[in-house]
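Accompanying notes for the structure given below.
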There are 2 protein chains.
Amino acid sequence: MDDAATLRGAGLRVTAARLAILDAVRTGNHLDAEHIAHAVRGRVGHVSTQAVYDGLHALTDTGLVRRIEPAGSPARYETRVGDNHHHLVCRLCKGVTDIDCVAGAAPCLEPSQSHGYLIDEAEVVFWGVCPDCRSGTGEAPNASEPSAVPRG
Amino acid sequence: MDDAATLRGAGLRVTAARLAILDAVRTGNHLDAEHIAHAVRGRVGHVSTQAVYDGLHALTDTGLVRRIEPAGSPARYETRVGDNHHHLVCRLCKGVTDIDCVAGAAPCLEPSQSHGYLIDEAEVVFWGVCPDCRSGTGEAPNASEPSAVPRG
DNA sequence: TTCGTTTTCTTGATCAATTCCAGTTAGTGG
DNA sequence: CCACTAACTGGAATTGATCAAGAAAACGAA
């Protein structure tokens, strides 16, 4: 199924902007809205920032892309959906890496108490320092001083 | 140990604003900066917003309070630190409830692959609908239409 | 105590990410 | 090919948070 059919199947109109957004999110590695906008413009010329946000909103609402929001970074998007995988986030460069969920379906964990909540998802984020930042190779925003690495 | 001694022990000066912030965070239930500012003002009169942010920053930096940032809500603060507990977040009203971590120390989970990261924390957020919102009692911002409850 | 240093607080501007709005453009089903 | 409506544009506005410079206050030392 190509992207045009995917969009139509989700009840969305097929536009150059949305095809480019979908491709940018799939090709990129957990890009944020700004980087997606940049990639989209490099592909189809001028596209307003609002169109990018609108497109991302439509795609997330229909479940074609997933939006993740690690603390301290803008929202990021990925096309890997439905497999309930988790994420590894670097405290320094904020880079995101996927991690398979051993349990499969959501919610993959059972809380010790549910407090009456109707739980549908367990979101797991592993925080640490990525290989590049550990070796000083990474483009860390503040790699000069590792400072305190807080614990949970 | 009272709050003044706690602040001093963390290397911070003792001010009325900070004592009030610490008390507001402890008394409140995962309040955001705005609500903390409101509580502080009700206790010690005028305090600038900046002083509240600065105080919260100082308290989080020294580990006296923990800052959590659930997707879609402003940062929230709690005084329960060091026990690596987790959170239950309501998709509708954004309310937060603590959940004990059965494993104890951080990181409480081992990822299936570490990808070379030096991992120090596993943050677990359970998403669902709280009892109040389920029964329609809650002050949900958009409780009229439950809309789609996305899955992980 | 009083002083001097350093932190903290104040006011006010600024920022980044995102959303709202009104009008125009362009997919799509008929 | 038309009409209807979703999608896009340009621009302003919102929210949550930070930065900057000077004034005030905490606290160790004299």
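Below, chain A is the first sequence line, B the second, and so on; all start at residue 1. The basis for the numbers below is simple: all heavy atoms, side chains too, and nothing from hydrogens, waters or symmetry mates. Predicted model, so just to flag it, every value in this text is computed and none were measured.
Salt-bridge annotation for A/E123 and A/R66: absent, with no side-chain N of the basic residue lying under 4.0 Å from a carboxylate O of the acidic one. A salt bridge links A/E69 with A/R67: at least one charged nitrogen is closer than 4.0 Å to a carboxylate oxygen. Checked for salt-bridge contact, A/D2 and A/R8 miss the test: no charged N lies under 4.0 Å from a carboxylate O. For the pair B/D100 and B/R80, the salt-bridge criterion is met [side-chain N within less than 4.0 Å of a carboxylate O].
Side-chain proximity of B/R13 to the nucleotides D/dC27, D/dT9, D/dT5 is greatest for D/dC27. Of all nucleotides listed (D/dT9, C/dT28, C/dA17), C/dA17 comes nearest to the side chain of A/E34. In the set D/dG16, C/dT19, D/dT9, the nucleotide with an atom closest to the side chain of A/A51 is D/dT9. Checked against C/dT18, D/dC8, C/dT11, the side chain of B/H46 finds its nearest nucleotide in C/dT11. The side chain of B/Y53 approaches D/dA17 more closely than any other nucleotide in the set D/dA17, C/dT6, C/dT18.
In this structure, A/H35 places its NE2 atom 14 Å from C1' of C/dA16, rounding to the nearest Å. The separation between A/R8 atom CZ and D/dA6 atom P is 17 Å, rounded to whole Å. Rounded to whole Å, the distance from CG on B/L19 to P on D/dA25 is 16 Å. Summarising the geometry, the separation between CG on A/D54 and P on C/dG23 is reported as 19 Å, rounded to the nearest angstrom. In this entry the distance linking CG of B/L31 with P of D/dG16 reads 14 Å, nearest Å. Going from atom CG of B/L56 over to atom C1' of C/dC9 covers 14 Å, rounded to whole Å. Atom CG of B/D3 is separated from atom C1' of D/dA26 by 17 Å (rounded to the nearest Å). One can place CD of B/E69 at 16 Å from C1' of C/dT18, the figure rounded to the nearest angstrom.
Base contact: B/S48 has a heavy atom under 4.0 Å from a base atom. Across all strands, B/A75 comes closer than 4.0 Å only to sugar-phosphate atoms, never to a base (heavy-atom distances). Counting non-hydrogen atoms under 4.0 angstrom, B/A17 reaches the backbone sugars and phosphates but no base.
Taken together through direct or relayed side-chain contacts under 4.5 Å among Ile, Leu, Val, Met, Phe, Trp and Tyr, A/L92 and A/V89 form parts of separate hydrophobic clusters.
Summary of the strand contacts: B/L12 and B/Q50 both lie near DNA chain D, and taking for each the nucleotide with the nearest heavy atom, the more 5' one is attributed to B/Q50. For B/T15 and B/D32, each mapped to the nucleotide of DNA chain D holding its nearest heavy atom, the one lying further toward the 5' end belongs to B/D32.
Side-chain nitrogen and oxygen atoms of A/R18 include none within less than 4.0 Å of the OP1 or OP2 phosphate oxygen of C/dG27.
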